Amino acid sequence: MITPELLKPADRQEARLLEQLDPRQFPQHIAIIMDGNGRWAQRRHLPRVAGHRAGVKSAREVIETCARLKIQALTLYAFSLENWRRPKAEIDFLMRLLREYLRKELPVIHKNNIRLVVIGRPEQLPAEVQRDVAQAMELTAPNSGMRLAVALNYGGRAELVDAFNAILERVRHNGGASFRVDEQTIADHLYTAGLPDPDLLIRTSGEMRLSNFLLWQIAYAEIYVTETLWPDFSRAHLLEALVDFQKRERRYGGLTVAKAAGRTAGSRG
Ligand code: FPP
């Protein structure tokens, strides 16, 4: 049962969902593919960027809710390596929106003890975005609450390439003739090193694709796809996903059935 200090329900629907939730069975790490901003705008005869702006509101609500529920980690897929193929004006808008978000929300994030990290290849982002992101990470580095990972210029295969190159570099440097790679070595060299693997992956707007997101880390994640477009994804939608997650039986490839609950990286059997 969620106590009122954790989250005050806004209406009867939220109250009903909260009643069904057991905080001991929360996922440790929720990863979200925020999709459908363009379609949301299109349906309203608005430019695509209006969908992105509305999407920031959903991101803010989800971040706040996860922090209140004391979810350990939340990863949001904000900009993929493939997104560079979009029109320049849309890319520029997304970059401006991210900077605007950081400028407005960083004090709130910091006050709520959230630690912000960026995963991806930030070195290929515009210099001013790199600077803002670096400052945000530095400011929130000492925070001990929820870890908020924003995937920016991110690709799952590129992450694996970067991890393997980092491992090779280490071997070259330390001269490790007998060095062997195991799963933990790879996990330790991913952008997400130190974070538990996501145990719940949410994708909005109904697409049944992984879109090159956290390919290694989601090996055992429960996948929840909703038709709701990201700008319409509210706190109640997140609570619905959590209720659904808690009903799942997680098998990890074995016969023993574990009711949905988080496992840390490297702890799989
Ligand atoms: C996909 O919608 C969404 C994105 C490209 C990510 C943008 C996300 C935001 C603006 C949310 C803000 C996040 C933070 C962390 C501030 P789409 O354009 O692919 O939609 P479509 O598939 O309907 O075209």
Side-chain angles (χ1 to χ4, degrees), residues 29-67 71 73-110 112 114-120 122 125-126 128-130 132-137 140 146-156 191-192 198 201-214 225-235 237-238:
H29 183 169
I30 302 175
I32 307 185
I33 302 176
M34 308 178 286
D35 195 14
N37 294 352
R39 274 161 284 172
W40 183 92
Q42 213 170 21
R43 284 178 197 176
R44 287 162 177 76
H45 308 288
L46 294 169
R48 289 177 57 78
V49 293
H52 295 318
R53 188 168 280 292
V56 172
K57 210 166 87 346
S58 301
R60 195 184 299 126
E61 191 163 317
V62 163
I63 294 166
E64 192 207 317
T65 307
C66 287
I71 302 291
L74 171 68
T75 299
L76 300 177
Y77 204 0
F79 192 85
S80 73
L81 287 174
E82 291 78 20
N83 284 154
W84 292 109
R85 292 192 208 121
R86 294 187 178 213
K88 184 172 180 308
E90 184 175 342
I91 296 173
D92 290 348
F93 184 88
L94 282 168
M95 296 297 154
R96 276 202 306 277
L97 202 57
L98 181 79
R99 295 189 69 207
E100 187 185 310
Y101 170 80
L102 286 178
R103 202 176 54 246
K104 282 194 190 148
E105 295 297 315
L106 194 57
V108 184
I109 287 180
H110 189 40
N112 285 296
I114 296 171
R115 179 173 176 189
L116 186 133
V117 288
V118 163
I119 60 169
L125 293 168
E128 58 277 16
V129 177
Q130 287 188 47
D132 290 359
V133 156
Q135 280 172 0
M137 285 173 55
T140 62
M146 186 176 83
R147 305 275 285 276
L148 170 62
V150 179
L152 258 190
N153 200 29
Y154 175 89
Y191 308 142
T192 52
L201 172 71
I202 298 175
R203 180 165 192 150
T204 58
S205 93
E207 309 288 349
M208 300 286 183
R209 281 193 296 274
L210 295 178
S211 297
N212 201 14
F213 190 42
L214 302 174
V225 177
T226 169
E227 291 293 327
T228 306
L229 304 177
W230 178 249
D232 290 327
F233 192 85
S234 64
R235 188 156 86 169
H237 290 104
L238 178 69

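Everything quoted here is computed from the prediction, not taken from an experiment. Heads up: numbering here begins at 1 and tracks the sequence. No hydrogens, no waters, no symmetry mates; every other heavy atom, side chains included, goes into these values. Each ligand, and each atom within it, is numbered from 1 in the order the structure gives.
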Is [X] reaching over with its side chain to a backbone N or O of [Y], donor-acceptor style, under 3.5 angstrom?
X	Y	answer
Ser80	Gly155	no
Asn212	Gly156	yes
Thr140	Leu116	yes

Ligand 1: protein N/O within less than 3.5 Å of ligand N/O:
from     : atom 1 : to    : atom 2 : distance (Å)
ligand 1 : 2 (O)  : Asn37 : N      : 3.3
ligand 1 : 18 (O) : Arg48 : NH2    : 2.7
ligand 1 : 18 (O) : Arg86 : NH1    : 2.8
ligand 1 : 19 (O) : Asp35 : OD1    : 3.3
ligand 1 : 19 (O) : Arg86 : NH2    : 2.8
ligand 1 : 20 (O) : Gly36 : N      : 3.3
ligand 1 : 20 (O) : Asn37 : N      : 3.1
ligand 1 : 20 (O) : Gly38 : N      : 3.0
ligand 1 : 22 (O) : Asp35 : OD1    : 3.0
ligand 1 : 22 (O) : Arg39 : NH2    : 2.8
ligand 1 : 23 (O) : Gly38 : N      : 3.3
ligand 1 : 23 (O) : Arg39 : N      : 2.8
ligand 1 : 23 (O) : Arg39 : NE     : 2.7
ligand 1 : 24 (O) : Arg48 : NH1    : 3.0
ligand 1 : 24 (O) : Arg48 : NH2    : 3.3

Run the salt-bridge test on Lys104 and Glu100 with the 4.0 Å N-O cut-off and return the result as yes or no.
-> yes
Return the minimal non-hydrogen interatomic distance between Ile91 and Arg86, and the atom names on each side.
->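 That closest heavy-atom pairing would be CD1-O, 3.3 Å.
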Mind checking the OG-CE spacing from Ser58 to Met34? Nearest 0.5 Å is all I need.
->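 The OG atom of Ser58 sits 9.5 Å away from the CE atom of Met34.
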